[in-house]
Q: 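Right, I'll just put the structure down here and ask away after.
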Amino acid sequence: MRGAGSRLVSTVVSGTPRYRFAPSPTGFFHVGGARTALYNWILALANDGVFVLRIEDTDESRNEPQWTQGILDALAWIGIDSSDPHFEGPYFQSANAATHVEAAHKLLADGHAYYCDLTSEQIQERAKASGKPGYDGYSRDRGLTAQPGYSLRFRVPTGTTVVIDEVRGQVEFDNSTIEDFVLLRGNGTPVFNLANVVDDVSMKITNVVRAEEHLPNTPKQQMLWQALGHPVPSWAHVPVLVNEQRKKLSKRRDKVALEQYRDEGVVAPAMVNYLMTLGWAPTGDTEIVEFASIVADFKLSSVNHSSAFFDVKKLSAFNGEYLRKMTVEQFVAACEPWLAPDKAPWPADRFDQSVFLRIAPHVQTRVAVLSEVPAMIDFLFMADVVIDSAAFDKAFAADWARPLTRLIRDQFATVDWNPEALKNVVEVVGAASDVKLGKLQAPVRVAMTGRSVGPPLFESLEVLGRDETLRRIDAALTRAG
RNA sequence: GCUCCCAUCGUCUAGCGGCCUAGGACACAGCCCUCUCAAGGCUGCGGCACGGGUUCGAAUCCCGUUGGGAGUGCCA
């Protein structure tokens with residue numbers, strides 16, 4: 001429910017608020033992670049706080065050093081700049097392993113934890129036998145001491161744990177539904193919940209803003225904070241991003257890599273703006289807003305409670321708007337990576353920046369993502385156009401197509417070479433045979449570009465030049481027979 | 001199964017008891033503009049999951065039902 005009554009004012013924290021973003025390095029940057037990072041970043045900026053980046057690399061099997069750079073790059077792309085004074089880190093969880101173990105031992109010494117010799121299989125068997133799932137606290141009072149292979153478990157106290165969440169209000173958990181969870185594995189390594197909390201404590205984190213999937217972990221973590229003798233941070237659990245089936249976005253099924261959208265030519269401000277409209281909306285009737293106004297406007301208490309569908313179509317629409325908002329110079333600069341020799345279909349030496357500059361304003365209104373640009377202008381730089389035969393056949397199907405195109409070609413040979421004059425030729429030829437401009441331009445367009453759609457024809461011809469235009473029309477007439 | 005979360009057009013959202021005949025955006029359809037395709041302008045389509053309360057008045061508060069989701073690891 002979004003009622004005001006269920007909202008709680010955030011706990012007043014004296015001093016600098018410290019937010020954190022704690023991804024595990026998994027090889028690519030999840031759009032959901034990007035959104036969570038953005039929330040933390042925006043809050044840090046708005047409250048003159050700190051954004052701490054901590055790489056949770058405890059699971060050695062997934063830890064690859066280059067992934068860390070990937071995270072840094074992805075964050076930088078969406079404007080979370082590691083050189084900004086609000087940014088702190090990156091820290092590596094693996095570097096704090098000793099601290100985690102130390103904390104576990106303190107918990108043990110204070111009676112908040114105990115050792116257990118049961119294996120996972122044994123626990124499962126006991127659970128099956130008793131009909132109650134999970135660990136039953138078998139070793140609670142057995143007074144076991146540390147042994148290789150023994151895990152250390154947290155002694156969950158009786159009572160209820162109330163989590164005060166800035167987006168959800170109060171969430172109550174009956175402690176009897178929470179099992180005595182593992183702190184240290186049999187091999188002595190710390191588990192996520194412990195490491196996560198100990199790091200937050202030692203990094204003096206005051207605000208934990210993360211995805212909703214962590215809400216079930218929160219009572220456990222809160223008990224840990226308290227057992228360790230620290231006041232709990234302010235919690236906020238934001239709704240997850242889902243796919244069309246309303247399932248949490250997953251690497252397997254869904255297109256979730258931020259890098260992938262970047263490589264397709266989604267522009268960072270569009271991505272940031274779009275991500276921020278998922279679960280939240282800027283004040284007023286416009287969704288396309290400056291980042292600065294998002295920073296000024298954003299409040300956790302107005303974040304929605306329900307999951308949001310990550311809609312690529314709407315992202316594209318946002319991106320198109322951002323592209324059109326650019327000046328032509330900005331647009332041209334943004335296109336550059338997609339025109340590079342490794343991406344473009346034309347021979348590098350045939351590309352002409354000044355030619356692109358002249359046609360750029362016309363392609364700017366016609367693309368939603370930058371990766372569409374090469375296909376729209378390739379005819380200008382290819383030695384020979386690639387003809388779409390379906391489009392070609394259709395354009396030359398009518399009886400008038402060949403004779404009138406030939407007529408146009410002959411007049412193109414001598415006419416003044418500017419769009420108006422060129423257009424006039426086609427219009428006059430058409431008028432004489434009662435063929436509308438809209439139809440007559442089709443064969444010429446296919447001859448020139450190989451396609452039936454594209455940038456405005458006469459501007460394109462002007463840029464291409466008379467010789468090349470005549471050559472292509474001749475080629476097309478030959479092909480048409 | 002158990003614990004927790006959630007529910008406004010197809011989608012993202014506005015809404016905080018009367019400004020609601022429920023507003024905006026994407027998508028979709030139509031019209032205008034137009035050398036194709038876009039862009040732009042205009043119009044349309046379309047929603048408070050259901051049932052009970054509370055109240056003079058409910059999309060908004062309460063309860064229930066139904067439906068969705070997350071978690072339930074010696075993963076993070």
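Worth saying up front: this structure is predicted, and the values here are computed from it rather than measured. Within every chain, numbering begins at 1; the chains are lettered A, B, ... in the order of the sequence lines, protein sequences first and strands thereafter. When reading the values below, keep in mind they use all heavy atoms of this one structure, side chains included, and skip hydrogens, waters and symmetry mates.
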Q: Nearest-Å distance, OH (A/Tyr274) to P (B/U11)?
A: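 Atom-to-atom, A/Tyr274 to B/U11, this comes out as 13 Å.
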
Q: Nearest-Å distance, CG (A/Asp57) to P (B/C75)?
A: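 For the pair A/Asp57 CG and B/C75 P, the rounded distance is 16 Å.
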
Q: Nearest to the side chain of A/Pro216, heavy atoms from C-beta on, is which of B/G1, B/C12, B/G71?
A: B/G71

Q: Is it the case that the side chain of A/Asn187 and the backbone of A/Gly149 share a donor-acceptor pair, with hydrogens and angles ignored and the cut-off at 3.5 Å?
A: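 Absent.
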
Q: Could you work out the separation of B/G40 and B/C4 based on their C1' atoms and round it to a whole Å?
A: 48 Å

Q: Can the ring centroids of A/Phe181 and A/Tyr135 be said to lie less than 6.0 angstrom from one another?
A: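 Judged by ring-centre distance (under 6.0 Å), A/Phe181 and A/Tyr135 do not meet the cut-off.
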
Q: State which of B/A76, B/A7, B/A70 makes the closest approach to the side chain of A/Ser306.
A: B/A7

Q: Examine the side chains of A/Thr218 and A/Arg210 and answer whether a donor and an acceptor come within less than 3.5 Å of each other.
A: yes

Q: Considering only atom C1', compute the distance from B/C12 to B/U72 and round it to an integer number of Å.
A: 30 Å

Q: Rounded to whole angstrom units, what separation is found between the CD atom of A/Gln245 and the C1' atom of B/U11?
A: 13 Å

Q: Taking the C1' atom of each, how far is B/C48 from B/U11, in whole Å?
A: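 Straight-line distance between the two C1' atoms is 16 Å.
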
Q: Which of these nucleotides, B/C4, B/C74, B/G24, is closest to any side-chain atom of A/Phe173?
A: B/C4

Q: Ring centroids only, cut at 6.0 angstrom: are A/Phe29 and A/Tyr261 within range, meaning strictly under it?
A: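 Between A/Phe29 and A/Tyr261, the centre distance exceeds or equals 6.0 Å.
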
Q: What interatomic distance, in whole Å, is found between C1' of B/A7 and the corresponding atom of B/G15?
A: 15 Å

Q: Thinking salt bridges, do A/Lys248 and A/Asp254 make one under a 4.0 Å N-O criterion?
A: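 Looking at A/Asp254 together with A/Lys248, the answer is no, because their closest N to O distance does not fall below 4.0 Å.
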
Q: Would you kindly give the CD-to-P distance between A/Gln222 and B/G71, to the nearest whole Å?
A: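 In whole Å, B/G71 P lies 21 Å from A/Gln222 CD.
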
Q: Output yes when at least one side-chain N/O atom of A/Arg185 is less than 4.0 Å from OP1 or OP2 of B/A76, else no.
A: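 Answer yes for this pair, as a side-chain N or O of A/Arg185 is under 4.0 Å from OP1 or OP2.
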
Q: Does A/His305 make a side-chain N or O approach to OP1 or OP2 of B/C5 shorter than 4.0 Å?
A: no

Q: When the C1' atoms of B/A49 and B/C42 are compared, how many Å lie between them, rounded to an integer?
A: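 These two C1' atoms come out 34 Å apart once rounded.
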
Q: Could you give the NZ-to-P distance, from A/Lys299 to B/A14, as a whole number of Å?
A: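 Atom NZ in A/Lys299 sits about 12 Å away from atom P in B/A14.
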
Q: Using a 4.0 Å heavy-atom cut-off to protein, can you give one letter per nucleotide of nucleotides 34-50 of chain B, 5' to 3': B if the base is in contact, S if only the sugar-phosphate is, - if neither?
A: -BBBBSS----------

Q: Confirm from the modelled atom types if A/Lys314 and B/A27 form a donor-acceptor pair under 3.5 Å, side chain to base only.
A: no

Q: What interatomic distance, in whole Å, is found between P of B/U8 and the corresponding atom of B/G44?
A: 25 Å

Q: Has A/Asn304 got a side-chain N or O lying under 4.0 Å from the OP1 or OP2 atom of B/A14?
A: yes

Q: Would you please name every residue forming a side chain to side chain contact (heavy atoms under 4.5 Å, CB included) with A/Ser120, sequence neighbours left out?
A: none

Q: What nucleotide, of B/C12, B/G24, B/C26, holds the atom closest to the side chain of A/Ala317?
A: B/C26

Q: Aromatic rings A/Phe298 and A/Tyr39: how do their planes relate, parallel, tilted or perpendicular, breaks at 30° and 60°?
A: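 Plane angle between 30° and 60°, so tilted.
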
Q: B/G10 phosphate, OP1 or OP2: any side-chain N/O from A/Lys313 under 4.0 angstrom?
A: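 False: A/Lys313 side-chain N/O out of range (4.0 Å or more) of B/G10 OP1/OP2.
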
Q: Can you measure A/Asp311 atom CG to B/C26 atom P for me and round it to whole angstrom units?
A: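 Roughly 12 Å, once rounded to whole Å.
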
Q: Using the P atom on both, measure B/U13 against B/C20 and round to a whole Å.
A: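 It works out to 23 Å between them.
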
Q: In whole angstroms, how far is the P atom of B/U72 from the CZ atom of A/Phe192?
A: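 My rounded result for the distance is 10 Å.
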
Q: Could you tell me whether the phosphate oxygens of B/G69, OP1 or OP2, come under 4.0 Å of any side-chain nitrogen or oxygen in A/Lys247?
A: yes

Q: Say you pick atom C1' in B/G17 and the same atom in B/U3; how far apart are they, in whole Å?
A: 33 Å

Q: Output every pair passing salt bridge (Lys or Arg N to Asp or Glu O under 4.0 Å) with a member in residues 128-138 of chain A, not counting sequence neighbours, ordered by first then second residue.
A: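 Qualifying pairs, neighbours excluded: A/Arg126-A/Asp136.
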
Q: Which nucleotide sits closest to the side chain of A/Glu287: B/U3, B/A25, B/G71?
A: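 Shortest atom-to-atom distance from the side chain points to B/A25.
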
Q: Using the side-chain heavy atoms of A/Leu278, tell me which of these nucleotides is nearest: B/A76, B/C12, B/C74.
A: B/C12

Q: On RNA chain B, check which nucleotide each of A/Pro282 and A/Gln93 is closest to and give me the residue with the more 5' one.
A: A/Pro282

Q: Taking the six-membered ring for Trp and the single ring otherwise, decide whether the centroids of A/Phe318 and A/Tyr322 are under 6.0 Å apart.
A: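 Centroid separation for A/Phe318 and A/Tyr322: 6.0 Å or greater.
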
Q: Round to a whole Å and report the spacing from CD of A/Glu179 to C1' of B/C74.
A: 11 Å

